[in-house]
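Contents: one structure, followed by commentary.
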Amino acid sequence: MKDHNSHTEPSQAEAHTQDTADTAGRCDLHTHTQASDGMQPPAENVRLGFEKGLAALAITDHDTLSGVAEALEAGRQYGITVVPGVEISTRAGGKEIHVLGYYIDTEQELLLSRLEEQRNTRLGRNEAILEKLRGLGIAITLEQVVSGLGRELKPDESIGRPHIADELVRLGAAVDMRDAFDKYLAEGAAAYVSPPRITPEVACRWIREAGGAAVLAHPGIYGDDELVRSIVEQCDLDGIEVYHSDHGPAEHARYLSLAEEFGLLVTGGSDFHGARQGVVFHGEIGSVSVPAAVLAQLKAGIGKRLG
């Protein structure tokens, strides 16, 4: 997990943002809130997006839609477009793969029940992680982790690894978020747990059945472009998140080429989670963005499918 306190360098593809003055007519399509593992209430994400001069931003919490309603209301207040979204956790090729969904029906009962199953899987994974940590001599419980939020956990919200990392820092078992992930929580680390997950193909189907557009999230994070290509070939995707806080110019070029090869939309976003121990993960709101015209392209693709 990378921290980015500075803006990503612009690529030749004129993709993403530099600073507030350049973000007019642009959108950040990847932000997290307290509904999953972000640090800010949904309305605060919208306020920050407004202050950055964004035309739009998406709320894409992990396996939950519970932050969307508050964000939509804030969007009306600030005059900024809020895209209802979600980031669904899947697994392929031995790696955790995320699929973003945009403009889904946030009230579809089938999708809501499916996302609840996803959160139940995450809860079981959390318990298994905590058991491993206790086996390593660290006295930590789920109750401690929830207490560390400093607020009540709302319905449809969930605890994620960053919350566990916060508690590890409080307990002195890690220096900061990066240290907690490196020692215990990242893939291959001492307390990492990989639960059974749906496949990216299934996530794409869920998103499309909920009337949305499916986009492969941050492919550069997976460190396996052969796997990325196979996912693109096998899944019913609408786009690829070419621009992301953890992508550099080389990733931009590779995934832009891949999107063009398969006729997929090019999206991007900061993957904003807020600051932990004074460090922003992955990037500030608006530090990565794409032209607002992408929203019309996403809607057009959905409309064409639905006839």
Side-chain angles (χ1 to χ4, degrees), residues 13-16 23-31 42 45-46 49 54-61 63-76 78-88 90 97-115 198-219 231-244 255-256 258-269 288-307:
E14 190 270 318
H16 48 295
T23 57
R26 303 188 70 84
C27 51
D28 183 342
L29 291 179
H30 197 159
T31 78
N45 279 27
V46 178
L54 292 173
L57 86 161
I59 301 297
T60 52
D61 280 306
D63 300 313
T64 183
L65 300 171
S66 68
V68 171
E70 179 184 322
L72 287 169
E73 178 58 35
R76 288 186 283 270
Y78 288 103
I80 179 173
T81 297
V82 172
V83 180
V86 68
E87 187 170 18
I88 298 179
T90 77
I97 307 294
H98 291 173
V99 180
L100 293 158
Y102 298 110
Y103 291 113
I104 66 274
D105 179 355
T106 59
E107 297 182 356
Q108 189 198 72
E109 288 297 332
L110 179 58
L111 178 62
L112 293 174
S113 66
R114 286 166 163 171
L115 294 179
I198 62 170
T199 64
E201 294 96 321
V202 170
C204 289
R205 176 168 56 81
W206 288 4
I207 291 165
R208 290 199 164 203
E209 287 178 354
V215 172
L216 179 63
H218 43 57
I231 291 170
V232 171
E233 289 173 341
Q234 295 168 19
C235 293
D236 205 3
L237 288 162
D238 294 279
I240 299 175
E241 189 178 46
V242 172
Y243 302 105
H244 182 272
Y255 302 127
L256 182 61
L258 188 65
E260 291 173 346
E261 179 183 347
F262 285 89
L264 298 175
L265 296 177
V266 172
T267 75
V288 178
S289 71
V290 290
V294 171
L295 302 184
Q297 293 170 350
L298 287 167
K299 289 180 179 178
I302 295 168
K304 186 176 180 180
R305 255 195 334 270
L306 297 178

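Along the sequence shown, residues are numbered consecutively beginning with 1. In this text, all values refer to a predicted model and were calculated from it rather than measured experimentally.
A donor-acceptor pair under 3.5 Å is absent between the side-chain atoms of Gln297 and the main chain of Val266, judged by distance alone. One N or O on the side chain of Arg208 and one on the backbone of Asp236 form a donor-acceptor pair closer than 3.5 Å. Between the side chain of Arg305 and the backbone N or O of Gly212, at least one donor-acceptor pair lies under 3.5 Å. Although no hydrogens or angles enter the test, the distance criterion places a donor-acceptor pair under 3.5 Å between the side chain of Tyr102 and the main chain of Leu29. For Asp238 (side chain) and Ala214 (main-chain N/O), a donor-acceptor pair under 3.5 Å exists by modelled atom type. The backbone N or O of Val86 lies less than 3.5 Å from no partner atom in the side chain of Thr60, so there is not a single donor-acceptor pair.
Taking all atoms of both residues into account, the shortest heavy-atom contact from Gly239 to Leu264 is CA-CB, 3.9 Å. In terms of heavy atoms, Leu265 sits closest to Ala259 at O-CB, 4.4 Å. Listed here is the closest heavy atom pair of Glu241 and His218: OE1-N, 2.7 Å. When all heavy atoms of Asp28 and Val288 are compared, the pair lying nearest together is CG-O, 3.6 Å. Val99 approaches Ile207 most closely through the heavy-atom pair CG1-CD1, 3.7 Å. Considering all non-hydrogen atoms of both residues, Val82 and Ala71 come closest at CG2-O, 3.3 Å.
At a threshold of 4.5 Å between non-hydrogen side-chain atoms, the residues Thr90 and Thr199 do not count as touching. Side-chain contact between Cys204 and Leu237: present, with at least one pair of heavy atoms (C-beta onward) separated by less than 4.5 Å. For the pair Glu73 and Glu70, the minimum side-chain heavy-atom distance is 4.5 Å or more. Proximity of Cys235 to Leu216: side-chain heavy atoms (C-beta onward) are nowhere separated by under 4.5 Å. Within the 4.5 Å cutoff, side-chain heavy atoms of Cys27 are placed close to those of Val290.
Annotation: the span from Ile88 atom CD1 to Leu111 atom CG amounts to 6.0 Å, rounded to 0.5 Å. Residue Leu115 holds its CG atom at 6.5 Å from CH2 of Trp206, rounded to the nearest 0.5 Å. Residue Ile240 holds its CD1 atom at 4.0 Å from CG of Leu258, rounded to the nearest 0.5 Å. How far CG of Leu65 is from CD1 of Ile59: 11.5 Å, rounded to the nearest 0.5 Å. Distance check, rounded to the nearest 0.5 Å: CG of Asp63 to NE2 of His98 gives 7.5 Å. Atom OG1 of residue Thr31 and atom CD of residue Glu87 lie 10.5 Å apart, to the nearest 0.5 angstrom.
By the neighbour-count criterion of 12 heavy atoms within 6.0 Å, atom CD of Glu107 is sparsely surrounded, having that number or fewer from other residues, nucleotides or ligands.
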